[in-house]
Chemist: 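This structure is in structure tokens; I'll ask about it shortly.
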Amino acid sequence: MHHLLERQLSALQLNEQQPPDTASWQRLLAQINEAYMAAGQHNGKEHSQQPAANGQQRHEQTGTSYTWFRIIEQITTPVILTDVHGQIEYVNPAFTRVTGYTPEEVIGKNPRILNAGEQSVEVYAHLWQSVIQGNEWRGEFLNRKKNGETYWALASISPIRDPEGEITHFLAVQEDITERKRIEDELRKLSRAVEQSANTIVITDTQGNIEYVNPAFTRTTGYTQEEALGQNPRILKSGHMSPDAYKELWETISAGQEWRGEFLNKTKDGDFYWEAASISPIRDTEGNITHYLAIKENITERKQIETALRESEARYRLLFETAPDAVTILDNRGFIIDCNDGTARLFGREKEELLGQHVASTIGPSSEDEMALFRQQFPKLQRLERAGAEFTHRRPDGSTVEIWREAVPLTDNEGNFSGVLIYDRDITARKEAEEKIKAYAVRMAQTNHELAVARKKAEEATRLKSEFMATMSHELRTPLNAVIGYGQILLAGMAGELTDKQRKFSERILLNGRNLLELINDILDLSKIEAGRLELVKRPFNLQQWLEEIVAQVESLASNKGIQFEVSLDNRMPEVIVGDPDRLKQIALNLLSNAVKFTDEGSVNMYIQRQSDDTWTLAVTDTGIGIPPHAQEYIFDEFRQVDGSTHRRHGGTGLGLAIVRNLTLMMGGNVRVKSEIGQGSTFTVLLPLVTEDELASESADI
Amino acid sequence: MSIDNREAANWTVLIVDDEPDNLSIPREVLTFNGAQVYTAADGIEGLEVLKTVTPTFILLDLSMPNMDGWEMLRQIRANPKTARIPVIALTAHAMSGDQEKVMTAGFDGYIAKPFWLPTFWSEIERCLERLPQH
């Protein structure tokens with residue numbers, strides 16, 4: 001039978017160089033058993049009773065035994081032979097190499113010495129149960145080497161029977177499967193990772209047929225594993241991807257490269273979703289591509305957020321770009337990160353000129369003072385407080401603009417100061433308006449003040465004037481009282497009989513006293529006119545008679561000074577006119593007395609002339625000293641004339657013209673002066689002409 | 001109206017004025033016509049005269065030192081012995097409104113300076129006519 005065994009061994013491709021795997025061992029053991037049984041039939045029982053103890057001798061007994069024994073001795077797989085009680089009878093050198101135990105250390109011991117203590121008692125119980133009944137037992141042990149290291153062994157334990165079929169020994173063959181275990185563990189972990197991955201994992205063959213999908217695939221696509229297997233991943237095509245994308249994908253992975261990209265895919269239910277995919281080829285040990293592995297992440301949500309962000313960004317960008325204000329963003333040191341067209345426009349620069357520049361050097365205040373204030377704002381922003389400033393900016397072209405700036409601090413995700421958002425507004429127009437209003441207010445206040453001062457002055461002047469008038473009236477009347485009083489006493493003969501001459505002189509005294517009294521009354525009238533209390537009478541009077549009364553009064557004054565005095569009356573004037581004869585006389589006397597006063601030689605003339613149907617003039621001409629042009633402007637000015645000092649300087653004469661003017665105006669007329677220095681003066685009073693008939697019709701109207 | 005007055009011979013007149021000329025003129029006029037005239041230079045003097053004399057009427061200036069006409073009138077009216085004596089203001093205060101002021105103050109008459117004799121007599125007579133008959 002030995003040739004049979006040898007043939008079988010060689011059929012099993014067992015040789016010394018290549019250790020058998022477990023299955024080969026099974027087969028080998030089966031052969032050995034058969035060989036034993038066959039040998040036993042030939043050589044008796046004892047051969048099999050102690051096969052290991054004195055194997056050397058036995059090896060020599062048969063060529064066949066020797067051969068398999070040699071094999072056992074030389075193979076790299078540990079082999080243990082025990083008796084039926086489990087006591088070790090033989091271990092091969094591979095056993096010693098793997099476990100560290102020499103045959104001497106283990107012979108007679110139980111193989112449990114290798115037990116690492118990791119396995120339950122039941123495993124061993126089951127093992128014994130199994131082998132004692134004559135069955136082979138296979139299982140994995142975690143064993144411990146002599147040096148304490150553990151290793152996984154796949155053990156195959158078979159009973160060995162004598163030719164009578166009695167179990168005489170047990171043969172254990174161990175295979176070190178530590179590496180396999182480790183790989184299995186890793187594979188298990190990998191497999192679990194793949195199974196549990198949130199990412200979709202698809203494995204296809206080189207034709208693109210799906211061989212594996214993980215549960216995430218089902219969750220994402222809606223296709224179960226059963227539905228997916230054997231299908232092509234194009235079942236997920238949405239129809240919204242360019243065919244070029246797929247083409248590029250296949251070209252890349254066929255060439256053995258990894259492809260990364262995004263797909264818009266469709267679920268079983270027809271919903272669209274986005275995936276980010278990594279697809280790479282899987283190669284065998286020879287480097288041939290056997291499969292493709294696709295790992296895909298569902299990025300629909302990310303895509304949506306991205307889209308939303310993009311839209312939001314676009315919206316804010318639009319808002320930023322089209323804002324009427326200048327908007328600028330600074331980094332946390334004040335350098336310009338971004339700005340809109342408004343900023344470029346406002347500061348008269350190109351946007352590109354501003355980006356990356358410091359705020360203070362480009363879009364800040366132009367004056368040192370404002371810059372100092374401006375810099376004080378930055379720490380405020382760093383404390384995350386809002387800031388604001390108003391300043392003047394000089395543009396590169398030299399023009400200036402008034403800016404109102406609001407600055408808002410920006411923060412990063414941690415809440416730290418990260419930059420500044422600036423809004424600038426052109427308030428030039430507002431500032432100008434404010435300046436104007438301020439100027440107006442100042443001017444108004446000044447005007448109000450001036451008005452108040454003027455009013456106070458006027459009131460004071462009026463008061464002083466009234467007071468002055470009252471005092472003057474009293475003080476003039478008192479001496480005049482003596483003149484007129486004594487004059488009357490003399491004329492009445494109370495101081496004795498008078499000669500003709502005495503009587504004549506007394507009459508002149510009294511007449512002049514009367515004129516003077518009238519003058520004083522005129523003065524009082526002026527104050528009445530100014531107070532608006534004078535009332536003009538309107539009655540008819542004989543013009544010729546009226547004129548004679550005037551001549552009577554002025555003649556003596558003129559002749560006393562040796563000047564000619566003549567009066568002419570236009571014959572176109574009515575005999576009787578309507579008006580206030582006393583006030584008209586006052587006008588004439590005032591003008592005449594002035595004329596006489598300022599004329600030392602020559603003449604004083606008065607002309608009464610008709611000018612039109614309803615106007616006439618009273619003109620007084622003299623050949624006197626004349627009035628300088630500048631004085632002609634204010635010669636009628638009552639304020640100046642009435643002024644105390646002026647009055648005293650001119651001996652009271654100035655009042656006459658003020659009365660003339662005031663009365664003339666009251667009568668609805670006007671007065672003008674024409675004069676040259678040294679050539680004399682002409683005062684012309686233009687008055688409305690009212691006849692008796694007109695007065696009658698006026699009354700009838702009433 | 002005349003520049004003389006025949007009634008004057010029956011009158012006793014007190015003239016009060018600080019200005020000698022103003023005192024002298026009415027005194028000359030009145031004494032020439034037969035009146036008995038007393039004079040005083042201010043209100044205090046005037047009141048002194050009134051202690052011994054009860055005049056037919058008083059011609060009283062307004063602006064005077066020591067005691068003016070306004071105060072003297074007040075005291076004349078305050079004294080029952082003198083209260084009924086006609087008092088005529090003879091004054092250079094002749095601005096509009098002055099006469100009203102004088103009459104309101106309780107004077108019986110008002111003569112503005114300078115005065116014309118006809119006016120002088122008529123105002124005195126007007127005041128005396130208003131007196132109740134004896």
Side-chain angles (χ1 to χ4, degrees), chain A residues 462-498 503 506-507 509-536 582-583, chain B residues 1-6 8-9 15-35 37 39 41 59-65 68-70 89-102 110-123:
Chain A
T462 304
R463 194 185 63 77
L464 285 172
K465 185 177 65 193
S466 298
E467 214 169 80
F468 171 73
M469 283 298 191
T471 307
M472 189 175 68
S473 164
H474 187 266
E475 295 307 307
L476 286 174
R477 278 168 186 279
T478 301
L480 198 53
N481 188 44
V483 173
I484 288 170
Y486 288 125
Q488 287 179 99
I489 287 167
L490 288 172
L491 276 176
M494 292 178 196
E497 287 299 312
L498 300 177
R503 175 170 293 277
S506 297
E507 279 172 352
I509 291 170
L510 208 53
L511 180 68
N512 281 286
R514 186 192 293 271
N515 283 346
L516 195 51
L517 183 60
E518 276 178 14
L519 182 64
I520 291 163
N521 287 335
D522 287 350
I523 292 165
L524 297 182
D525 285 343
L526 178 64
S527 73
K528 278 188 199 164
I529 293 164
E530 280 165 4
R533 286 200 306 251
L534 183 89
E535 278 179 26
L536 292 173
D582 292 338
R583 300 304 169 193
Chain B
M1 201 57 71
S2 165
I3 54 167
D4 297 329
N5 195 297
R6 270 161 288 171
I15 307 171
V16 187
D17 202 315
D18 61 316
E19 198 63 45
D21 282 333
N22 289 345
L23 205 60
S24 159
I25 290 160
R27 187 183 60 201
E28 290 298 325
V29 171
L30 287 167
T31 50
F32 183 79
N33 285 280
V37 175
T39 60
L59 292 174
L60 180 56
D61 187 23
L62 294 177
S63 297
M64 291 181 294
D68 65 15
W70 306 100
L90 184 61
T91 177
H93 288 292
M95 301 274 287
S96 61
D98 284 342
Q99 186 173 357
E100 289 73 18
K101 231 161 86 185
V102 163
Y110 170 84
I111 299 167
K113 295 176 193 169
F115 58 87
W116 303 101
L117 287 175
T119 315
F120 181 73
W121 296 125
S122 66
E123 184 64 5

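Quick caveat, the model's predicted, so the values are computed rather than measured.
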Chemist: Walk me through whether B/Ile25 and A/Met494 qualify under side-chain contact (heavy atoms from CB on, under 4.5 Å).
Modeler: CA-CA 11 Å; B/Ile25 290 160; A/Met494 292 178 196; over 6 Å; no

Chemist: I'd like to know if the side chain of A/Gln488 reaches the main chain of B/Phe115, judged simply by a donor and an acceptor atom lying under 3.5 Å from each other, with no hydrogens or angles considered.
Modeler: yes

Chemist: Show your reasoning for whether side-chain contact (heavy atoms from CB on, under 4.5 Å) applies to B/Asp21 and A/Tyr486.
Modeler: CA-CA 9 Å; B/Asp21 282 333; A/Tyr486 288 125; 2.9 Å; yes

Chemist: Using the side-chain contact (heavy atoms from CB on, under 4.5 Å) rule, take B/Trp116 and A/Arg514 through it: C-alpha gap first, then chi angles, then the decisive distance, then the call.
Modeler: CA-CA 10 Å; B/Trp116 303 101; A/Arg514 186 192 293 271; 4.2 Å; yes

Chemist: Side-chain contact, heavy-atom cut-off 4.5 Å: B/Pro114 with A/Val483?
Modeler: no

Chemist: Check each atom of B/Ser63 against the heavy atoms of chain A and say whether the ones under 4.5 Å are side chain, backbone, both or neither.
Modeler: side chain

Chemist: To the nearest 0.5 angstrom, please state how far the CZ atom of A/Arg477 sits from the NE2 atom of B/His93.
Modeler: 11.0 Å

Chemist: Look up atom CZ in B/Arg27 and atom CD1 in A/Ile489, then write down how far apart they are to the nearest 0.5 Å.
Modeler: 10.0 Å

Chemist: Can you say whether A/Ile484 sits under 4.5 Å from chain B via the side chain, the backbone, both, or neither, judging by heavy atoms?
Modeler: side chain

Chemist: Rounded to the nearest 0.5 Å, what's the gap from CD1 on B/Ile111 to CG on A/Asn481? Could you check?
Modeler: 10.5 Å

Chemist: What's the shortest heavy-atom distance between A/Ser473 and B/Ala92, and which atoms?
Modeler: OG-O, 4.3 Å

